[in-house]
Amino acid sequence: MMDGLPVPRRYWSSLAIWMAISMAVLDSVIVNVALPTIAAEMNASAATSIWVINAYQLAITALLLPLAALGDRIGYHRVYLPGLAVFIVGSVACAASRSLGALIVARMFQGIGAAAVMSMNAALVRATWPQSKLGKGIGYNALVLSVSAAAGPSVAALILSVAAWPWLFFVNVPFGLAALLVGARALPRSSGHGGKPNYVSAALSAVALSSLIFGVETLAREEAATGLPLLLVALITGTLLVRREWTRPAPLLPLDLLRLPIFSLSIATSITSFAAQMLAMVTLPFMLQATMDRS
């Protein structure tokens with residue numbers, strides 16, 4: 001692959017990347033503000049309505065590594081563009097949902113598309129910008145991510161002040177279609193290395209991560225009979241994944257990176273900070289709206 005894209009295609013490619021990733025990030029936080037309203041309209045408890053968030057995050061967590069490996073094999077744009085299309089269809093399905101169960105299923109489908117977008121984001125930035133300006137490209141991308149996360153609650157409040165909660169999802173459609181159109185013309189093309197997909201490791205990764213999250217959530221609802229077996233499944237499949245990946249030349253999970261202190265400490269910091277952030281982002285709307293009677 002050549003060293004980045006020529007101007008002006010580089011900036012059109014960046015625009016497509018920024019639009020898609022900002023939607024994926026916004027949808028991680030934008031729905032939180034509407035959760036009390038959604039729960040009230042659908043006669044669901046606060047604990048049950050959390051699955052509107054969990055389903056989206058669960059799909060992303062389970063598929064991020066397998067889709068990243070798939071992009072390396074078949075080409076980044078071949079994962080990214082179909083994923084963006086899935087995200088748009090999922091957004092329409094979310095907006096059209098009339099029951100909590102349907103909304104949760106639609107959110108999981110939307111999360112599949114978001115996982116494809118997020119897993120290819122850094123690779124596409126690297127392929128878009130020349131090596132000499134890669135720091136600038138990564139900086140711009142980080143700025144878009146940060147602004148999207150920070151703006152999420154305000155964007156949600158603005159939409160909810162003039163429209164019903166389904167418009168939180170409908171608003172993705174025009175931006176998603178624009179990103180899809182621009183991306184189809186401007187994103188860098190790569191053929192991938194064409195290796196055979198590591199289906200076993202991909203399945204182990206998906207099962208381990210989804211069982212872990214689902215198990216912890218189930219335990220939080222004091223359902224130990226379901227939660228503990230799920231955590232056991234997560235432990236077994238996670239162990240099998242580590243043993244399988246430890247000696248592979250091109251692992252799905254590059255465990256050798258954890259030997260680098262700066263990398264392992266960065267991972268630990270990211271996990272704890274994002275966990276703390278999401279705790280606040282999910283619970284504060286219930287306190288402010290249900291307890292303090294704010295709009």
Side-chain angles (χ1 to χ4, degrees), residues 24 28 50-51 53-76 78-80 82-83 86-87 90 104-124 190 192-221 223-261 263-272 274-275 278:
S28 296
I50 294 298
W51 271 101
I53 306 297
N54 284 353
Y56 184 78
Q57 300 289 1
L58 187 61
I60 293 174
T61 303
L63 294 176
L64 209 55
L65 287 177
L67 288 174
L70 181 63
D72 280 336
R73 285 171 170 80
I74 68 173
Y76 307 136
R78 292 190 175 97
V79 173
Y80 192 84
V86 168
F87 183 86
I104 290 171
V105 171
R107 280 285 281 174
M108 186 165 287
F109 185 77
Q110 188 189 35
I112 295 171
V117 169
M118 290 182 173
S119 65
M120 296 295 101
N121 182 65
L124 285 171
S190 64
H193 57 62
K196 183 179 179 181
N198 189 349
Y199 294 114
V200 175
S201 294
L204 287 172
S205 172
V207 172
L209 291 171
S210 57
S211 297
L212 175 63
I213 295 174
F214 195 17
V216 170
E217 197 278 337
T218 306
L219 279 179
R221 289 188 278 116
E223 297 179 14
T226 303
L228 291 177
L230 284 170
L231 292 180
L232 181 60
V233 170
L235 177 62
I236 293 172
T237 52
T239 302
L240 291 173
L241 176 64
V242 169
R243 289 175 64 88
R244 177 180 173 82
E245 295 294 289
W246 192 259
T247 57
R248 294 180 69 87
L252 178 73
L253 184 65
L255 295 165
D256 57 317
L257 291 176
L258 295 176
R259 295 173 179 168
L260 303 174
F263 185 84
S264 56
L265 286 172
S266 297
I267 291 292
T269 302
S270 295
I271 291 172
T272 52
F274 276 110
M278 288 305 297

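Just so it is clear, the model here is predicted, and its values are computed rather than measured. Numbering of residues begins at 1 and proceeds along the displayed sequence.
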- Query: Any side-chain heavy-atom pair from Leu58 and Trp51 closer than 4.5 angstrom?
  - Reply: yes
With sequence neighbours left out, the residues meeting salt bridge (charged side-chain N to carboxylate O under 4.0 Å, His left out) with Arg244 are none
Residues at least two apart in sequence or cross-chain that pass side-chain contact (heavy atoms from CB on, under 4.5 Å) with Ala116, listed by chain then number, are Leu67, Val79
Residues pairing under salt bridge (Lys or Arg N to Asp or Glu O under 4.0 Å) where one sits in residues 198-220, two or more places apart or in two chains, turn out to be Glu217-Arg221
* To do: Let me see the working for Leu204 and Glu245 under side chain to side chain contact (heavy atoms under 4.5 Å, CB included), right down to the final yes or no.
  => CA-CA 11 Å; Leu204 287 172; Glu245 295 294 289; over 6 Å; no
Exercise for the section: Would you check if Val117 and Asn121 make a side-chain contact, meaning some heavy-atom pair closer than 4.5 Å? Expected result: no
Is there a donor-acceptor contact under 3.5 Å from the side chain of Arg78 to the main chain of Ile74? yes
Are the side chains of Leu228 and Leu232 in touch, meaning some heavy atoms are under 4.5 Å apart?
no
Residues 104-117 vs side chain to side chain donor-acceptor pair (under 3.5 Å), sequence neighbours excluded, gives Asp27-Gln110, Ser91-Gln110, Arg107-Gln110
Sub-4.5 Å side-chain heavy-atom contact between Arg248 and Pro254: no
Distance-only criterion, 3.5 Å: show the donor-acceptor pairs between side-chain atoms of residues 205-212 and protein atoms not counting sequence neighbours.
unit_1, atom_1, unit_2, atom_2, d
Ser210, OG, Ala206, O, 2.6
Ser210, OG, Val207, O, 3.3
Ser211, OG, Val207, O, 2.7

Find out whether Asn54 and Ile213 are in side-chain contact, i.e. whether some heavy atom of one side chain is under 4.5 Å from a heavy atom of the other. no
Across all chains, not counting sequence neighbours, the side-chain contact (heavy atoms from CB on, under 4.5 Å) partners of Leu260 are Leu257, Phe263
Worksheet item: Is the backbone N or O of Gly75 less than 3.5 Å from a side-chain atom of Ser190, with the two atoms forming a donor-acceptor pair by type?
Response: no
Of all heavy-atom pairs linking Ile104 and Ala55, the shortest is O-CB, 3.5 Å
